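Okay, structure first, notes after.
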There are 2 protein chains.
Amino acid sequence: MASIHDVARVAGVSISTVSYALSGKRSIAESTRLRINNAVEQLGYRPNAGARMLAGTRTNIFALTAPFHAETYAPAHMAFVLAVAQAARAHDYDVLLLTQDEATSGLRRVASSRLVDGIIVLDVAAEDDRVGVIRELGTPAVFIGIPRDTEGLVCVDLDFEAAAALAISRLTDAGHRSIGLIGHSPGVYARGSNFPPRFRDGFFSAAAAEGVATAFAMPERDGPSVRAALDELYRTLPGMTALVLHCEETVQAAVMDILRERGLRVPQDLSVISACASFETDHFEPALDTIPLVAADSCTRAVELAIEQVAVPIAPRVELVPPRFLERGSIAPPTPRR
Amino acid sequence: MASIHDVARVAGVSISTVSYALSGKRSIAESTRLRINNAVEQLGYRPNAGARMLAGTRTNIFALTAPFHAETYAPAHMAFVLAVAQAARAHDYDVLLLTQDEATSGLRRVASSRLVDGIIVLDVAAEDDRVGVIRELGTPAVFIGIPRDTEGLVCVDLDFEAAAALAISRLTDAGHRSIGLIGHSPGVYARGSNFPPRFRDGFFSAAAAEGVATAFAMPERDGPSVRAALDELYRTLPGMTALVLHCEETVQAAVMDILRERGLRVPQDLSVISACASFETDHFEPALDTIPLVAADSCTRAVELAIEQVAVPIAPRVELVPPRFLERGSIAPPTPRR
DNA sequence: CTGAAAGCGCTTACAG
DNA sequence: CTGAAAGCGCTTACAG
């Protein structure tokens with residue numbers, strides 16, 4: 001395996017010139033740069049990662065801590081993991097995957113061995129063990145999600161409260177006054193990530209501010225449970241004319257199936273918004289107005305903030321990414337239930 | 001950050017003694033070991049990862065290349081990624097996640113910069129670009145899945161042919177002679193991983209060997225498509241008394257819903273086996289006999305083989321993990337369709 | 001615009 | 001059972 005010495009010899013320069021030519025950290029005569037590039041090409045030279053880590057000030061690796069538990073919705077989880085990895089690569093960073101059973105000890109390990117320059121924290125719970133460890137380590141870190149106590153932390157997340165308010169305002173603009181919400185399963189609210197409660201609370205407070213009547217159900221992901229949830233919504237809110245879906249794809253598909261089965265047309269009989277789901281809603285029949293949960297939005301920003309922190313400490317903050325809205329024609333003025 | 005020199009000073013020994021005490025590569029007097037451990041504890045010492053990589057012969061990092069495309073079923077994908085990460089950690093290895101858009105160039109990059117000791121390849125396609133790169137690099141690598149040309153490669157996978165044959169034999173043992181198969185969507189067979197075709201082919205050849213009549217459908221993941229698939233099976237095979245499910249959870253759930261809806265009881269009216277799915281089938285009603293796709297089985301073995309290869313070249317091979325069978329009571333003798 | 005050299009923090013023959 | 005020292009392959013002041 002060719003080393004920097006080989007390149008220097010072939011190019012007829014010193015190793016420091018090779019290093020600077022490759023890093024671009026000082027200006028190099030065009031002819032020299034050319035000779036070096038040729039030598040690199042010819043030898044298939046790649047700087048040794050370990051040597052770079054040791055001599056340089058950084059490793060160009062971020063740890064990604066993305067715990068996966070029973071309540072985790074795999075497609076969304078995967079989307080975020082990939083979005084982080086891609087954003088990192090765009091800045092020449094690699095991603096080291098830390099697993100659930102090593103959540104806090106893994107953070108300590110990779111940070112104090114200087115394996116990584118920083119940490120990206122996914123699937124943040126309100127009370128999250130990783131918060132304390134990261135405060136203590138002082139390693140650059142960015143949370144994608146918002147723990148209860150954000151003191152000293154850098155956090156990025158979709159603005160779920162605003163997303164819920166946006167759903168409400170789109171529906172009230174169309175004239176709806178009775179709006180149902182299908183959320184995640186109770187387990188998710190009990191022990192899962194912190195965003196479902198934030199969406200739910202934003203939903204209720206925006207609805208309250210508008211004087212809108214609401215109902216809320218948390219089905220499991222099986223057909224009968226979804227059926228029961230819809231029944232519950234119509235029982236609680238007999239005049240329900242609009243529905244906000246903030247749930248997994250399986251559940252959303254089941255809802256649409258059941259509506260169709262019951263002869264309820266969207267949007268004529270029921271207006272529907274798909275909110276904060278990480279999947280495409282184009283294939284639903286009919287297509288749904290969507291407030292998408294775009295993993296790339298928050299992950300890209302999180303990686304940027306991590307990169308900044310590697311260079312220089314930055315002020316703690318909570319950055320909320322504003323929601324988007326995709327109109328697809330699933331909202332209409334309300335009509336009384338047939 | 002404490003270095004090995006600090007530990008040596010505090011313990012009153014040389015740095016080589018510290019190094020050997022920590023690696024266990026030569027015997028150390030008990031009293032010396034104790035002093036070193038105390039010093040390590042007291043200073044919170046962690047060996048610098050970059051220095052280890054540079055001085056040592058290995059990095060203790062594996063690259064995990066796990067492309068994610070439109071046809072990927074996220075829960076299974078995630079299960080394999082996590083199983084690899086956990087198996088790796090059990091051998092003190094970390095996992096670096098390589099993304100789709102960097103599939104081959106990423107492999108070159110991490111291998112030739114000596115960032116990783118080896119490569120674990122997930123979601124292997126029959127014709128896979130990564131095969132050529134890995135042959136050329138000569139880096140230790142293990143494929144979880146089987147490409148068409150396995151020349152020179154180390155591959156591990158569940159024995160999908162045997163799994164399909166097991167499903168057939170369980171059903172024929174119970175007396176079934178007309179067996180349907182619900183597979184993945186056509187897109188998966190067209191461009192996805194190579195295991196769905198292997199299961200399908202194993203199904204057909206085992207059925208042929210037993211003289212069993214078969215039918216096969218490949219629904220998309222929406223309700224109407226699954227409904228149509230079941231109709232197709234019953235049309236092609238009017239006497240169908242048993243069904244093998246080799247599909248995503250969404251589709252499997254839809255199948256069970258539709259059967260229930262149509263008043264078809266399992267196993268009285270239809271025997272059902274859930275085969276090679278990565279999810280739990282306990283929550284299905286009724287519980288299903290299952291041939292599980294246990295990610296840990298192949299991933300653990302793959303990591304072992306990777307570890308071996310880091311130490312010493314091993315012979316190319318294709319290792320097939322035999323399928324398991326979980327009996328839950330969803331197979332009964334056939335009765336003619338009502 | 002370029003070079004000689006120190007140093008990053010380990011591992012591992014070599015020596016006793 | 002232990003130590004002194006070379007060396008891994010870079011980066012980066014320091015110097016010109």
Side-chain angles (χ1 to χ4, degrees), chain A residues 1-37 39-40 43-61 92 109-117 310-311, chain B residues 1-37 39-40 43-61 92 109-117 310-311:
Chain A
M1 198 127 294
S3 83
I4 196 172
H5 287 100
D6 302 316
V7 176
R9 188 178 343 100
V10 171
V13 295
S14 72
I15 63 160
S16 56
T17 301
V18 173
S19 177
Y20 284 118
L22 263 35
S23 70
K25 287 189 182 169
R26 74 182 182 193
S27 48
I28 304 283
E30 189 52 29
S31 62
T32 309
R33 185 193 306 283
L34 238 51
R35 290 209 313 285
I36 291 174
N37 287 344
V40 165
L43 297 166
Y45 168 70
R46 303 273 189 158
N48 178 291
R52 282 191 123 160
M53 288 188 196
L54 179 56
T57 60
R58 55 191 61 169
T59 67
N60 277 55
I61 301 176
D92 202 30
R109 183 172 57 78
V110 298
S112 53
S113 67
R114 315 248 83 154
L115 217 198
V116 305
D117 294 337
V310 171
Chain B
M1 199 129 293
S3 82
I4 196 171
H5 286 100
D6 302 317
V7 176
R9 189 178 342 102
V10 171
V13 296
S14 72
I15 63 160
S16 57
T17 301
V18 174
S19 178
Y20 283 119
L22 262 34
S23 70
K25 288 189 180 169
R26 75 182 181 193
S27 47
I28 304 284
E30 189 51 30
S31 62
T32 308
R33 186 193 305 284
L34 239 50
R35 288 210 313 285
I36 291 175
N37 288 344
V40 165
L43 296 166
Y45 169 71
R46 303 272 189 159
N48 178 291
R52 281 192 124 159
M53 290 189 195
L54 180 57
T57 60
R58 55 192 61 169
T59 67
N60 277 54
I61 301 177
D92 202 28
R109 182 172 57 79
V110 299
S112 53
S113 67
R114 319 247 80 156
L115 218 197
V116 305
D117 293 337
V310 171

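All values below were derived from every heavy atom in this structure, side-chain atoms included, with hydrogens, water molecules and symmetry-related copies excluded. Nothing here was measured: the structure is a model prediction, and the numbers come from that model. Each chain gets a letter, A, B and so on, in the order the sequences are listed, and its residues count up from 1.
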Counting only N and O atoms by type, is there a donor-acceptor contact under 3.5 Å from the side chain of B/Arg35 to the main-chain atoms of B/Ala11?
yes
Which whole-number value in Å describes the distance from A/Arg58 CZ to D/dT11 P?
12 Å
Would one find a side-chain N or O of A/Lys25 under 4.0 angstrom from OP1 or OP2 of D/dT11?
no
Side chain of B/Tyr20, heavy atoms from C-beta onward: which of C/dT12, C/dC10, D/dC10 has the nearest atom to it?
C/dT12
Give A/Ser3 one of three labels, base, sugar-phosphate or nothing, depending on what nucleic acid heavy atoms sit under 4.0 Å from its own.
sugar-phosphate
Return each pair, listed once, that meets salt bridge (Lys or Arg N to Asp or Glu O under 4.0 Å) where at least one residue sits in residues 8-19 of chain B; pairs must be two or more places apart or across chains.
B/Asp6-B/Arg9
OP1 or OP2 of C/dC10 under 4.0 Å from side-chain N/O of B/Ser19:
no
Touch check for B/Ser23, heavy atoms < 4.0 angstrom, all strands: base, sugar-phosphate only, or nothing?
nothing
Protein-nucleotide distance (B/Leu43, atom CG; C/dC10, atom P), rounded to Å
12 Å
Spacing of B/Ile4 atom CD1 relative to C/dG7 atom C1', expressed in whole Å:
16 Å
Using a heavy-atom distance cut-off of less than 4.0 Å, which residues of residues 5-18 of chain B contact DNA chain C?
B/Ile15, B/Ser16
Any donor-acceptor pair under 3.5 Å from B/Asn60 side chain to B/Asp92 backbone
yes
Counting side-chain heavy atoms from C-beta on, which of C/dT11, D/dT2, D/dT11 comes nearest to A/Ala55?
D/dT11
Got a sec: does the CZ of B/Arg114 have more than 12 other heavy atoms crowding it under 6.0 Å?
no
Would you say B/Leu115 and A/Ile61 make side-chain contact, with heavy atoms under 4.5 Å?
yes
Examine the base of C/dT11 for any acceptor or donor lying under 3.5 Å from a partner atom in the side chain of B/Arg52, and report the outcome as yes or no.
no
Please examine the side chains of A/Leu22 and A/Val40, heavy atoms only from C-beta on, and report whether any two atoms are closer than 4.5 Å.
yes
On the nucleotide D/dT11, are OP1 or OP2 found under 4.0 Å from the side-chain N or O atoms that A/Thr57 carries?
no
Its dot-bracket string being built from Watson-Crick and G-U pairs below 3.5 Å, with | for another strand and [ ] for crossing, DNA chain C has the pattern |||.||||||||.|||
Has the side chain of B/Ser113 got a donor or acceptor atom that lies under 3.5 Å from a matching backbone atom of B/Arg109?
yes
Over how many whole Å does the gap from B/Asn48 atom CG to C/dC10 atom P extend?
6 Å
Which sits closer to the 5' end of DNA chain D, B/Arg26 or A/Gly56, going by the nucleotide each is nearest to?
B/Arg26
Rounded to whole Å, the CD1-P distance (B/Ile28 to D/dT2) equals 6 Å
A/Leu22 CG to D/dG9 P, straight-line distance once rounded to whole Å
16 Å
d(CG, B/Leu115; C1', D/dG9) in whole Å:
14 Å
Counting just side-chain N and O atoms, does A/Tyr45 come under 4.0 Å of either OP1 or OP2 of D/dC10?
yes
Rounded to the nearest angstrom, tell me the gap between atom CZ in B/Arg114 and atom P in D/dC10.
12 Å
A/Val10 side chain reached by A/Ile36 side chain, heavy atoms, under 4.5 Å
no
Please tell me whether A/Ser16 and A/Ser19 have a donor and an acceptor in their side chains that are separated by less than 3.5 angstrom.
no
Backbone of B/Val310 reached by a side-chain donor or acceptor of B/Asp117 within 3.5 Å
no
